[in-house]
Amino acid sequence: MDIQDSLNPAQKQAVVTTVGPVLILAGAGSGKTKTLTHRIAYLIENEGVWPNEVLAVTFTNKAAREMRERLGSLLQQNASVRHFMPWMGTFHSICVRLLRIDGSSVGVPPNFVVYDESDRQGLIKQAMKQLHITDKQIRASAVSSAISSAKNQLLGPAEYRTTAQYPFQEQVASIYERYEHLRREAGALDFDDLLLEVVGLLRHHEAIRNKWRSQFRHILIDEYQDTNAAQYAIVKSLVGEERNICVVGDDWQSIYSWRGADFTNILNFERDFPGATVIKLEQNYRSTSAILEAAQNVISKNTARTDKKLWTDTPAGLPVQVHQVYDESEEAQLVAGRVGSQVAMGARRYGDFAVLYRTNAQSFNLERSFLQQRIPYQIVGGVRFYDRKEIKDVIAYLRLLYQPNDRMSFSRIVNVPTRGIGATSLEKFLIWQGESRQDIIGALTNVESANGLTPRARNALVKLGGTLRILQAKVLTETSPSEIIETLIERTGYREYILDGTPQAEEREANLSVLVSDAKNYVALPDFLEEAALMSSVDTAEDYEKVTLMTIHAAKGLEFPVVFMVGMEENLLPSSRSLEAGQAELEEERRLCYVGMTRAREELHLSYAARRAQFGDFRFNMPSRFLSDMGHELMVAPSFQQPNNDDDWSELPDFDIGDMVRSSQFGSGEIIDVDGMAVTVVFSSGQTKKLNVEYARLEKI
DNA sequence: TCATTTAACGTTTTT
DNA sequence: CGTTAAATGA
C-alpha cells in the first residue's frame, strides 16, 4: 500500500511538500494526526530520511505515544522495517533529553530532577519563609504563576525586577531570586526551566546548536497555536538552513493562553519563515453537519481569528440538543439517565460517551449520579496517579537517591514513616549539612559529628542514612527501578507504615504495586523519574468500557460518538473570570466551547441549570451566550419541572439524631448530633466523626 | 520536641 | 471528603 493512498488532495500536499517551511492550518477533525504520521512515514520511506533525523513535537505524551504506534504500523506495512523511531514527545520531554546530553554547558547537573507544580510551590513556600514573607498575604500559588509567566517570557529574576511596578511584583522578584537559588542547590529544574535552559543552551553555544540543527533535518510541531515564547525560541534555534519545518495548528482551538501560549505564533509563521507553503485542511471527517454548523456559528463570532470554512459530506444527523434543568444534580441525573438507557437499548457502549465540563469541581455531582445508577465511568485529569501521597513519597525517596542534594524530597520523607524527627531537628540538620559541604546522604552517615541535635534525632538520622546508602549503591550499580522500589518499600518500613489498619490501606498498597509494575517498563532510574514527572493527568490510557468524564481542556484532540457538555451557563462557560477580564479572554472561552463541541461525532447534548451551587452558595446563572450563538437548528428539550418543594436542601436527605447511615469511607454508624450541615456519627468501628453532609456521601439506611 | 487532634478551607483550565 | 495549618498534649 502506498502511503498517499487514503489521503485527500490537501492532505496529500501536506505529506509530499517536504522541502522548506510548511504551515498546515488544520480544522477540527480534519485528519491532522493522520496527516502528520503519514508525512513522517513518507519522509522515511520515500525520501530516505533516517528516523533519528526527524523531530516531532506533540502536545501531550499520549499524543506522542499514539503517533508512535500509528507510525509503527504504517511503516510495518511497507517493505523496509526500521526498528527505531524519530524523536517524538512533548517540548518538555524533548528538552529533558537534550539537557541530559548537553546540560552541563549551561550549568545543569547531569543528574537533575524535575519538579512538578506542587514541588515548585513547596519550594516557593520555603523561599518565602526564609524571607519572612507570610503566606497569608501572598499566596504561594500566585507567586508560582507569576514566576512561571516570567520564565515563559524568558525573564530571569534580575530582569523581572526591573519590570516590577507594584509592591506585589517587588516581593515576587525577591522570592523568585531566592527560589532560583534553592532550586539550583537542590539540583532541580521546574517545568519552565526545562524550556528555558534549552533556550539558553541553543542561544549561547553555537557548536551545540549546530550539532542539533544538522541532526534534526526535519522538524514537525503539532498544536503550534499552543506554543509559548520559550518554545517558539527553541523552534527558531533548531530550524537549520534547509528550513524543513512543518507546523500544524488551528488558531480556533487555542485554549492555553493563560499558560503563556501565544497563538499569534501561528499567525506569524509566514512572516517568520518567508516563502512558506500554506495548506488548509478544511474537510471535517468527524462530526455530522448539524454539529459542525452549530460549532462554526459559535466560533465565527470571534474577531481575532483566521478565516476557514469547515465542511463535511456527512449527513446532517441529529440536531444539537439543549437541555434546561433545575440544578446540577438534575443535570447529572439527566446525563446518567441518557447514557444508561442508550446502553440498555443496545444502541451504544459506555465508551461511546464523554461528559465535558469547564471546571474539575463539576465532576462531583456527575460521579454521584453515575455511581447511583451503576454506570461505569472514568475521570481523566483530576488527581493524577502520580499525585497520590504514597506515590509521591516513594518518588521523593527515589529522587533523593538519584540527586542527593534534593532538599525538598528529603524534607518530604525524612519523617515518613515516622522516625521521631520533627521540624526542629530537621532544620538543625539541614543547617549543619549546608555548612559541612556534603550531600544529604553523606551528611546523614556522618551526623555524629553534628552538634545541637538530640540523641534520639541523631540516631534516627544515622539509621536513615544507612538505609539510603544501601539503596543508593543499588542505583549506582544500575539495579532496575522496580527492584529499587521494592527494596525501598521494605527497608524503610514504608509498607508497614501504609498498612495502618484503616480501610484505605488496601488501596494504597495496590497503588504501590501499580507503581512497581509501571517501573518495570524502565531500564534505568532516571528514565522512570522523568516519566513520573512529565506524565500529565490526561495521559491515562483510555478504557473503552467506561464513560469518560473530563474538562474541556483535557478533551482536546479526542473524539466521541456522543458528547454531553454540561454547565452551559454564564459565569461557568464563559467563566466569571473571563467575563471580568475582557474581550480577549472571552474569545478564548468561545474557542473552548468550540473545542468541546467539535469532539462530538454523532450526538451533541448541551445542558444548563437554572440554579447551581457555586462558591458556597446558590447562583442563578443565565444560559450561556454561546447557546444563542449556535443558531436556530437546535432542538430544545422539554424544560424541567420545578421540584414541588421549595426547601433549599431538597436533594440532600434529612438527617436526624438516631438515624443509621453508611459512608463509603467509614462503614455504617449512628447519628448522635446534627448541627446544620455538620453531622456527628458514631461508626461501628467505634470511631466518632463529624462530617459535612454536603461533601460526605452519607447514605441513609 | 514530637505526635496526635482539631479547625478551616475548597472554585478555572495544565506541560 | 480531602488536605493543610494551628493547637494541644506527652
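All of these numbers come straight from a predicted model, not from anything done at the bench. The chains referred to below are lettered A, B, ... by the order of the sequence lines, with proteins before strands, and numbering in each begins at 1.
- Annotation: side chain to side chain contact (heavy atoms under 4.5 Å, CB included) contacts of D116(A) (sequence neighbours excluded): S118(A), D119(A), F191(A), R384(A), D387(A), K392(A).
- For the pair F59(A) CZ and dT15(B) C1', the computed distance is 7 Å after rounding to whole Å.
- In summary, of the residues considered (F91(A), Y256(A), Y224(A)), a ring pair (Phe, Tyr, Trp, His ring centres under 6.0 Å) with F59(A) occurs for Y256(A) alone.
- E390(A) and N511(A) are linked by a side-chain donor-acceptor pair at a separation below 3.5 angstrom, with hydrogens and angles left out of the test.
- dT11(B) atom C1' lies 15 Å from atom CG of L573(A), rounded to whole Å.
- The side chain to side chain contact (heavy atoms under 4.5 Å, CB included) search around S363(A) returns Y357(A), E367(A), I379(A), not counting sequence neighbours.
- Nearest nucleotide to the T424(A) side chain, out of dT14(B), dT15(B), dT1(B): dT1(B).
- Taking atom CD of residue Q126(A) and atom C1' of nucleotide dA5(C), one finds them 16 Å apart after rounding to whole Å.
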Short N/O separations, protein against nucleotides 3-5 of chain B, under 3.5 angstrom:
residue : atom : partner : partner atom : Å
dA3(B)  : OP1  : G420(A) : N            : 2.9
dA3(B)  : OP2  : N415(A) : ND2          : 3.0

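- Atom pair N152(A):CG and dT14(B):P shows a separation of 16 Å (rounding to whole Å applied).
- The side chain of N360(A) contributes no N or O atom lying less than 4.0 Å from OP1 or OP2 of dT11(B).
- Between Y357(A) atom OH and dT13(B) atom P the separation is 10 Å, expressed in whole Å.
- The CG atom of L579(A) sits 13 Å away from the C1' atom of dT12(B) (whole-angstrom rounding).
- The side-chain hydrogen bond (donor to acceptor under 3.5 Å, both in side chains) analysis of residues 417-432 of chain A, with sequence neighbours excluded, yields the pairs Y397(A)-R419(A).
- Comparing dT12(B) with dG2(C), their P atoms are spaced 22 Å from each other, to the whole Å.
- Under the stacking criterion of a centre-to-centre distance below 5.5 angstrom and an interplanar angle below 30°, W258(A) sits stacked against the six-membered ring of dT13(B).
- Each of dT12(B), dT15(B), dT13(B) was ranked by its minimum atom distance to the side chain of T551(A); first place goes to dT13(B).
- In the interface, the side chain of R358(A) is paired with the base of dT13(B) through a donor and an acceptor atom under 3.5 Å apart.
- When the C1' atom of dT1(B) is taken as reference, atom CG of N459(A) falls 16 Å away, rounded to whole Å.
- Checked against side chain to side chain contact (heavy atoms under 4.5 Å, CB included), A230(A) has the following partners two or more places apart in sequence or in another chain: L154(A), L195(A), V199(A), N228(A).
- With sequence neighbours left out, the side chain to side chain contact (heavy atoms under 4.5 Å, CB included) criterion links N302(A) to I299(A), R305(A), E587(A), R590(A), R591(A).
- Residue-to-nucleotide proximity on DNA chain B shows that, of S578(A) and K428(A), the 5′-proximal contact is made by K428(A).
- Not one side-chain nitrogen or oxygen of K125(A) sits closer than 4.0 Å to the OP1 or OP2 atom of dT4(C).
- In this structure, M88(A) places its CE atom 20 Å from P of dT15(B), rounding to the nearest Å.
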